[in-house]
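Each chain gets a letter, A, B and so on, in the order its sequence line appears, and its residues count up from 1.
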Protein chains: 2
Amino acid sequence: MVKRMLKYEAEAVDRVFHAVADANRRAIIERLTRSPATVSELAALLGVTVAATVQHLRVLQDSELVSSEKVGRVRTCRIDPAGLHNAEAWLTRQRTAWELRLDRLGAVLGDEAKESGR
Amino acid sequence: MVKRMLKYEAEAVDRVFHAVADANRRAIIERLTRSPATVSELAALLGVTVAATVQHLRVLQDSELVSSEKVGRVRTCRIDPAGLHNAEAWLTRQRTAWELRLDRLGAVLGDEAKESGR
DNA sequence: AAGTTACTTAAGCCAACACTTGACTTTCTG
DNA sequence: CAGAAAGTCAAGTGTTGGCTTAAGTAACTT
């Protein structure tokens, strides 16, 4: 049961990271963070065809990062924060574990610690 | 100049998200979070060939998520937290912006707000 | 009604990916 | 020294990804 939950989570994490690994899809997210936009507007922003944009939007919607609603003939897209949770949780979980470990093993990884800015 | 910096950052973000979008690479990260491991150990964990594992490790090293050192004939891999910064910064930046916007536009997105758990 | 706009869907193209196998190189071990 | 162990490198294979063009459909506009 826990296993099953984790599997589902893994798939969600897969989808979100994959969605966000593409520069054009990140550009869409950044644009929608400012305000909702239509499909054509997003296509113009990316400099690709509307068809390509629709495909990106499908990926973003499947990972619950974007939602959209069609009224009349124009589809308006907006951010849907739901999808971010899993990915962010995973990142944070790893980073927290790393930092704990790094604190404890400071000496072992001391080489890096010497380079101040890193 | 700012533009150039952002471009570099975009490429780094690209690499990290792509690295982390693969379930096997995430499994490597999770394993290394507990302790360093050899290439063979990681291969056994994933159930793929050593060659495939080496390829994953190259991706992880290019995105500065993992570092490794070879002593004798065995290569020991460990976590390198450097690569996480850009990706995490991007995620946090977006999420923060979304939340601000969601607070302001609560009424517009009210449908979702009504569904308590989301 | 005819044309334009906004999107949708399907098909195909080419590059990138995740693997594999097989041929090495290097480093231990008996 | 012979052989096993640990990893490296190169080539090949099947799949997926991002993009295009082309052919729709539905909703405005004139």
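- The nearest whole Å value for the distance from the NZ atom in Lys70(B) to the P atom in dT26(C) is 10 Å.
- Annotation for Arg31(B) and Ala37(B): closest pair NH2-CB, 3.7 Å, computed over non-hydrogen atoms.
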If you apply the rule side-chain contact (heavy atoms from CB on, under 4.5 Å), what do you find for Leu32(B) with Leu42(B), and how did you get there? CA-CA 9 Å; Leu32(B) 295 183; Leu42(B) 296 173; 4.2 Å; yes
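- Nearest nucleotide to the side chain of Val39(B), out of dT8(C), dC19(D), dT8(D): dT8(D).
- Qualifying side chain to side chain contact (heavy atoms under 4.5 Å, CB included) partners for Gln61(B), counting only residues two or more places apart in sequence or in other chains: Leu57(B), Val66(B), Ser68(B).
- Taking Glu41(B) as the reference, nothing meets the side-chain hydrogen bond (donor to acceptor under 3.5 Å, both in side chains) condition, with sequence neighbours excluded.
- Taking the side chain to side chain contact (heavy atoms under 4.5 Å, CB included) definition, one finds that His18(B) meets it with Ala21(A), Arg25(B), Val59(B), sequence neighbours left out.
- The backbone N or O of Ser67(B) sits nowhere less than 3.5 Å from a side-chain atom of Arg78(B) that would complete a donor-acceptor pair.
- Within residues 55-63 of chain B, no residue has a heavy atom under 4.0 Å from DNA chain D.
- Near DNA chain D, meaning a heavy atom under 4.0 Å from it, residues 18-25 of chain A has His18(A), Asp22(A), Asn24(A), Arg25(A) in order of number.
- If you measure from atom CZ of Phe17(B) to atom P of dG17(D), you get 18 Å, rounded to the nearest angstrom.
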Indicate for each nucleotide in nucleotides 22-30 of chain D, in 5' to 3' sequence, whether protein heavy atoms under 4.0 Å reach the base (B), only the sugar-phosphate (S), or nothing (-). -----BS--
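- Across the interface with DNA chain D, nearest-nucleotide mapping of Ala52(A) and Thr76(B) shows Thr76(B) to be the residue nearer the 5′ end.
- Contact record, His56(B) with Ile28(B): CB-CD1, 3.9 Å, taken as the closest heavy-atom pair.
- In this structure, Thr76(B) and Pro36(B) approach most closely via the heavy-atom pair CG2-CB, 3.7 Å.
- Counting any heavy atom pair closer than 4.0 Å across all strands shown, Val50(B) reaches a base atom.
- The hydrophobic clustering, which links ILVMFWY residues whose side-chain heavy atoms are closer than 4.5 Å, places Val74(A) and Ile79(A) apart.
- Between the CG atom of Asp14(A) and the C1' atom of dT16(D) there is a distance of 13 Å, rounded to whole Å.
- Note: CG (Leu42(A)) to C1' (dT8(C)) measures 16 Å, nearest angstrom.
- For Thr49(B), a side-chain nitrogen or oxygen approaches OP1 or OP2 of dT20(C) to under 4.0 Å.
- The two residues Leu60(A) and Ala19(A) make their nearest non-hydrogen contact at CD2-CB, 4.2 Å.
- Looking at every heavy atom in both residues, Ala27(B) comes nearest to Leu46(B) through CB-CD2, 3.8 Å.
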